[in-house]
Amino acid sequence: MAAIRRFTLRSKAALCSLALLALLLVIWQAATLPKTPVATAATTASKATSAEAAEAAEYAVLMGKAPDLGADGAAADSMKVTGFPSPAEFAHEAARQLAHPFHDNGPNDKGVAIQLGYSLVRVAAGYAIALLVAVPLGFVIGMSRLAFLAFNPFIQVLKPISPLAWMPIALYTIKSSSASAVFVIFICSVWPMLVNTAFGVAGVRRDWLNVARTLEVPPLRSALWVVLPAAAPTIVTGMRISMGIAWLVIVAAEMLVGGTGIGYFLWNEWNNLSLANVLFSVLLIGLVGMTLDLLFAQLQRKVTYVD
Amino acid sequence: MSTKSNAQTSGATSFVSVEGLTKRYRDDLPPVFEHVSFRIEQGEFICVIGHSGCGKSTILNVLAGLEQPSEGHVIVRNREISGPGLDRGVVFQNHALLPWMTVEGNIAFAVRSRYPDWTRKQIAAHGARFIEMVGLKGAEKKKPSELSGGMKQRVGIARAFAIEPRMLLLDEPFGALDALTRGVIQDELLKICTTTQQTVFMITHDVDEAILLSNKIMLMSNGPRARIAEIVVNTLPANRQRETMHHDPQFYRIRNYLVDFLVRRSKELSTPHGDRPDTGRVAAATTRLVYPGLDDGAAAPAAVARAAGPNLKAIA
């Protein structure tokens with residue numbers, strides 16, 4: 001008891017997390033254990049139905065296919081696709097992927113780092129454009145009641161549209177699948193930033209604005225030195241929400257547009273029926289998302305002020 | 001009417017001249033205050049006392065240029081003011097420091113606005129002088145959240161002084177401070193103002209504070225339709241101090257007069273002809289100078305002139 005009490009809250013929490021992870025792994029392992037009996041059952045089943053198999057082989061011959069090759073192919077498949085991977089298989093696959101993260105053997109065989117890079121570049125591009133649009137526009141909307149009233153109906157209508165609903169329009173007008181994905185990221189990340197910037201700017205304490213006014217601070221300097229730092233915590237919160245949404249949406253968008261990116265990779269591995277790789281990319285998406293969020297948490301800590 | 005033209009002709013010589021100020025927030029309600037006229041001479045320290053809701057803060061905000069009056073205008077050095085300006089420094093009630101900047105940064109922000117051509121070094125040196133003046137040396141790198149209420153208000157005062165304004169406007173600067181801190185900062189403000197001959201317009205609820213600091217105390221009747229009922233001339237010697245001030249019998253005469261006004265007469269004086277707004281103009285003309293404790297006779301101004309020095313000019 002005394003030993004446990006010596007631990008800090010953090011280390012206790014870390015221990016609990018590790019225990020949970022171990023438990024999950026054990027459940028996973030247990031759930032994937034009966035793989036071998038199933039496999040043997042499958043082989044016995046194939047043995048039991050050898051008559052049917054022979055019939056099928058004959059049918060294949062009738063259809064102009066080599067019966068031996070077909071049977072071999074089926075056998076090879078049953079060896080390859082063994083259902084849900086066990087933790088060990090997953091670790092093996094993950095290690096294989098991590099050993100060559102930058103390999104590039106053509107469009108359908110690129111390393112995960114390359115795929116992630118594609119996704120991150122798309123997110124960065126769409127997000128940057130959204131930032132450049134949302135923050136200045138949010139400033140205007142937050143500062144001017146007229147601008148707020150004029151823009152508000154558009155924001156209210158456009159905000160709840162699923163970003164993927166824009167995809168056909170983007171594909172038709174932009175005519176480039178990659179640029180369409182960037183557009184989708186732009187459209188999904190613009191709203192939280194726009195709304196939060198407007199909200200933060202409109203909520204700047206009147207006293208602070210009055211200080212700037214009595215000091216005859218020029219408008220641009222006032223915007224940069226008073227309004228921006230005052231609204232920064234709210235703006236960064238919007239940026240953080242936007243980044244979270246952008247990272248959610250890029251996976252779905254890349255599944256649609258295909259070609260490159262971690263979303264495409266995930267879907268491609270599903271088509272390959274490589275669940276280990278699917279799992280691996282799911283985990284990777286989560287880790288990258290967490291890292292992005294941590295970066296924004298850091299930024300948020302930097303701009304937060306105590307009043 | 002004759003008073004008005006009189007105010008305009010002599011307004012040319014006054015430092016600040018406030019003429020016929022009226023503020024109405026809603027058309028269907030009577031104005032908060034109306035036909036407020038007064039003048040401030042260079043080097044004067046004016047305090048305004050009145051109950052909440054009589055529009056003291058609004059008058060100060062109009063002087064600062066932060067609010068527009070419904071009627072009337074403010075003339076500073078023969079120029080009508082149209083907005084806030086660096087010639088008027090404002091100390092806000094809740095200090096209004098920018099919380100993401102350090103003490104130094106807050107003051108440098110103001111100094112840079114006043115002297116945009118200065119180098120970083122010049123700005124820092126200028127700011128340091130005023131930080132030292134309010135006794136905050138050593139706290140330059142602190143953020144406002146790390147300061148006590150009194151220290152925050154000192155930064156606010158230093159910031160207002162650092163732009164070297166022609167007039168200082170203080171809106172109940174010590175309202176949120178405890179009595180001890182308030183006393184210390186009052187002393188400092190008094191010291192600074194006597195050495196710099198700063199013109200000050202200050203709102204306060206504290207009668208003792210007004211007597212300690214000011215040359216003239218403007219008494220406002222209760223709102224709505226508040227007006228400046230009387231202007232009490234502080235007849236205490238200019239070198240008064242907080243420790244000894246209350247030994248002077250004159251202190252109590254002034255104090256009693258002010259307290260009496262606040263608890264009793266401010267109510268009686270308010271809306272004397274509430275249902276007849278036209279007569280407000282006449283009421284405004286009745287603002288008079290009072291010399292509590294001294295005879296309200298012709299001898300009084302002479303006595304005051306002796307006591308308070310040449311800064312004082314009768315305006316009634």
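In what follows, chains carry the letters A, B, and so on, assigned in the order in which the sequence lines appear, proteins first and then strands, with residues in each chain numbered from 1. None of the values given here were measured: they were computed from a predicted structure.
The list of side-chain hydrogen bond (donor to acceptor under 3.5 Å, both in side chains) pairs with a residue in residues 235-247 of chain A, not counting sequence neighbours, reads A/Thr237-A/Gln300, A/Arg240-A/Asp293, A/Arg240-A/Gln300.
For A/Ala230, the parts lying under 4.5 angstrom from a heavy atom of chain B are both the backbone and the side chain. With a 4.5 Å cut-off on non-hydrogen atoms, B/Leu86 touches chain A through its backbone and its side chain both. Proximity to chain A (any heavy atom under 4.5 Å) is restricted, for B/Asn94, to the side chain, taken from C-beta onward. Interface residue A/Val226: backbone and side-chain heavy atoms are both found under 4.5 Å from chain B. Only the backbone of B/Leu97 has a heavy atom closer than 4.5 Å to any heavy atom of chain A. Proximity to chain B is absent for every atom of A/Arg206, based on heavy atoms less than 4.5 angstrom apart.
Side-chain contact between B/Leu190 and B/Leu213: present, with at least one pair of heavy atoms (C-beta onward) separated by less than 4.5 Å.
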side-chain hydrogen bond (donor to acceptor under 3.5 Å, both in side chains) between B/Arg39 and B/Ser14, worked out: CA-CA 7 Å; B/Arg39 276 180 278 145; B/Ser14 286; 3.3 Å; yes
Name each donor-acceptor pair under 3.5 Å that joins a side chain in residues 145-153 of chain A to protein atoms two or more places apart or in another chain, with its distance.
| residue | atom | partner | partner atom | Å |
| --- | --- | --- | --- | --- |
| A/Asn152 | OD1 | A/Gln156 | NE2 | 3.0 |

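Below 30°, between 30° and 60°, or above 60°: for B/His126 and B/Phe130 the angle between ring planes is between 30° and 60°, a tilted geometry.
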